[in-house]
Amino acid sequence: MTDIRELNERIERESAFIELLNLELDKVIIGQRYMLDRLLIGLLANGHILLEGVPGLAKTLAIKTLAQAIDAQFSRIQFTPDLLPADLIGTMIYSQKQEQFSVRKGPVFANFILADEINRAPAKVQSALLEAMQERNVTIGDTTHKLPEPFLVLATQNPVEQEGTYPLPEAQVDRFMMKVVISYPTKEDERKIVRENLAAEFPKPNKVVSTDQIIRARSIVREVYMDEKIEKYIIDIVFATRFPKDHGLAKYQSLISFGASPRASISLAIAAKAYAFIKRRGYVIPEDVRAVCMDVLRHRIGLTYEAEAENITTEQIVNEILNTVEVP
Amino acid sequence: MNRLKYLFLLVLFLSFNLTLRAQQAYAKSDKYKIRIGDQAQIELNANVPKGERLIWPIFKDSLGTHFDIVNESAIDTIPDSTGNGMRLIQKINITSFDSGRHTLPVFSFDFIKATGDTNSIISDGLLIDVLTIPVDTTKAIKDIRDVLDVPFEIGEYIPWIIGGLVLVAILVAGIYLWLNKKKPAAEIKPAAPKIPAWQLALSALDVIEKEKVWQEGKSKQYQSDITDTLRKYIEEQFKLPAMESTTEETLMLLRNNDFSQEAQQQMRQLLTLADLIKFAKQEALPADHERSMRMAREFIMTTKPAEVKPTSGKEAGKQ
């Protein structure tokens, strides 16, 4: 009892920066609250994010602004078919002056990485980035270099141009904690965007949070209380993607080729904790799970040819699961 | 000495001759002149002595370049009249579309003796004349004759007409019997009176109260039982998916379905407290539990459907 009250108070205190951060982000980014919340969840839950949306939706601006508001390093890597792993992680170069090889670190050595159009680069470059994401360190020559903390990768995919792309394999997509699909801003937001651009008013975010605060917040996020009823709810949802028939969703049995992995359960739990933290709560409620469920599961469910032929999407399946699994 | 030599040669000649006589094979045709496209039958005939084997000639769909095989019979095996072997016969129907005199290729019959020695007999080449039809080019070209009409005979159709009539009669009789079949009187079971959802919910709340769960320190279970009962009541009474909804979603369902402000407020207080107890380890005071139970009952009583009392005709008229 005392623990949870203490935790609540601590979270109330430690999550105060979220409001400041949101204020700074809102100064620069108009609309896209959903995407910004997901970026914060990724940041606090120590997970990477795959963003899907048409060009021009402020994806780059969002992560750049986040990096500026946090006083962190930011790198943008445009993935192209001729990109090499060394262009990403760095390489050894020979110095004639010093007569020895020295390490030149690549753009992956930053706190926030925007991997723009990740599916345009060949598999070896994709796997180099995904390995760095997973291991949190990079080996150049004989030396292993640790990546800076916090380390958040925001990879983007363009859903409309698929020619000449290298789609990420399921195993690699699974490494992204969330796949966020962003849509166009509302009419009101778009009018504000147009006005600001015409007036050439581009507000700059202030540095309101330090990386140390983020790292501290991450450890507190892990302490957010999750009741066993919530754990069971998460497991029920994930199992419903694997065995829909056992959860009253027999019609989806033939439409799902594979369900979400245990990594999905872990991601769902930690993302729900991060969401509760953003909402300045020291405990997880079913709303938190539902809020992040779609983004955590949509890229982790494999569809059969039958489902594709019937234009069934993973979003539909996740929605149906959420409407079927009983809330605790 | 010379006499012995001649005797040996004679014995050798006779034995060789006998072997040749025993192994016989030939091919013959039933016609040696056929019209173009007409068929001739070739007969392959071989005599196989006892203890020997014969490798039958192999052919595909044609014989040479001028003859096509129409069909061929199976190899017929007949015991030899002497009882010392078998006679093998195969008949092959051939045709040709090339006019002229053509030689049918020879057939090779390979005999294998018990000792493993082989001997081949080659049949004679058969000459077959394929005759063409002389065309009188001086006359005009005529059309191909039409298919001949067969005269209609009613006798051929009588069995079919009778069969059809019988079938129709059976069908009509079947339908008549089926329509006039007496249906067994359906057993009417008195339907059990359905207990309204609100009554069930109130009964469930009574049970929860009697179990005295929170008094035993199981506050979480107590609150879960109350909220589950209420959500089940909403689901069954109003057909709203409350069991699959979170607190906020449940409240939104009530708002969107025109529940009274009082009911919404009761539900908000009740679910929010239950969430804190269920998910945030919050300890509730006895008064909180009692209030939850009271609010749950009130919610059911205020939202249950109004009872329809039977009214007299006069009262109904007044209204």
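Owing to the predicted nature of the structure, the values given are computational and were not obtained by experimental measurement. Below, chains carry the letters A, B, ... as their sequence lines are ordered, and counting in each starts from 1.
- Between B/Lys278 and A/Ile285, the closest side-chain pair of non-hydrogen atoms is not below 4.5 Å.
- A side-chain hydrogen bond (donor to acceptor under 3.5 Å, both in side chains) check over residues 240-263 of chain B, counting only residues at least two apart or in different chains, returns the pairs A/Glu287-B/Thr246, A/Arg290-B/Glu249, B/Thr246-B/Glu249, B/Thr247-B/Asp275.
- Distance check: B/Phe279 CZ to A/Arg281 CZ gives 10.5 Å after rounding to the nearest 0.5 Å.
- Applying the 6.0 Å contact sphere to OH of B/Tyr176 captures no more than 12 heavy atoms from other residues, nucleotides or ligands.
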After noting the C-alpha distance and the side-chain angles of A/Glu326 and B/Asp228, does the key distance pass the side-chain contact (heavy atoms from CB on, under 4.5 Å) rule? CA-CA 10 Å; A/Glu326 281 190 11; B/Asp228 284 352; over 6 Å; no

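- With a 6.0 Å radius and a threshold of 12 heavy atoms from other residues, nucleotides or ligands, A/Lys232 has its NZ atom at or below the threshold.
- No more than 12 heavy-atom neighbours from other residues, nucleotides or ligands sit within 6.0 angstrom of CD on A/Glu228.
- Note that NZ of B/Lys281 is 5.0 Å distant from OH of A/Tyr225, once rounded to the nearest 0.5 Å.
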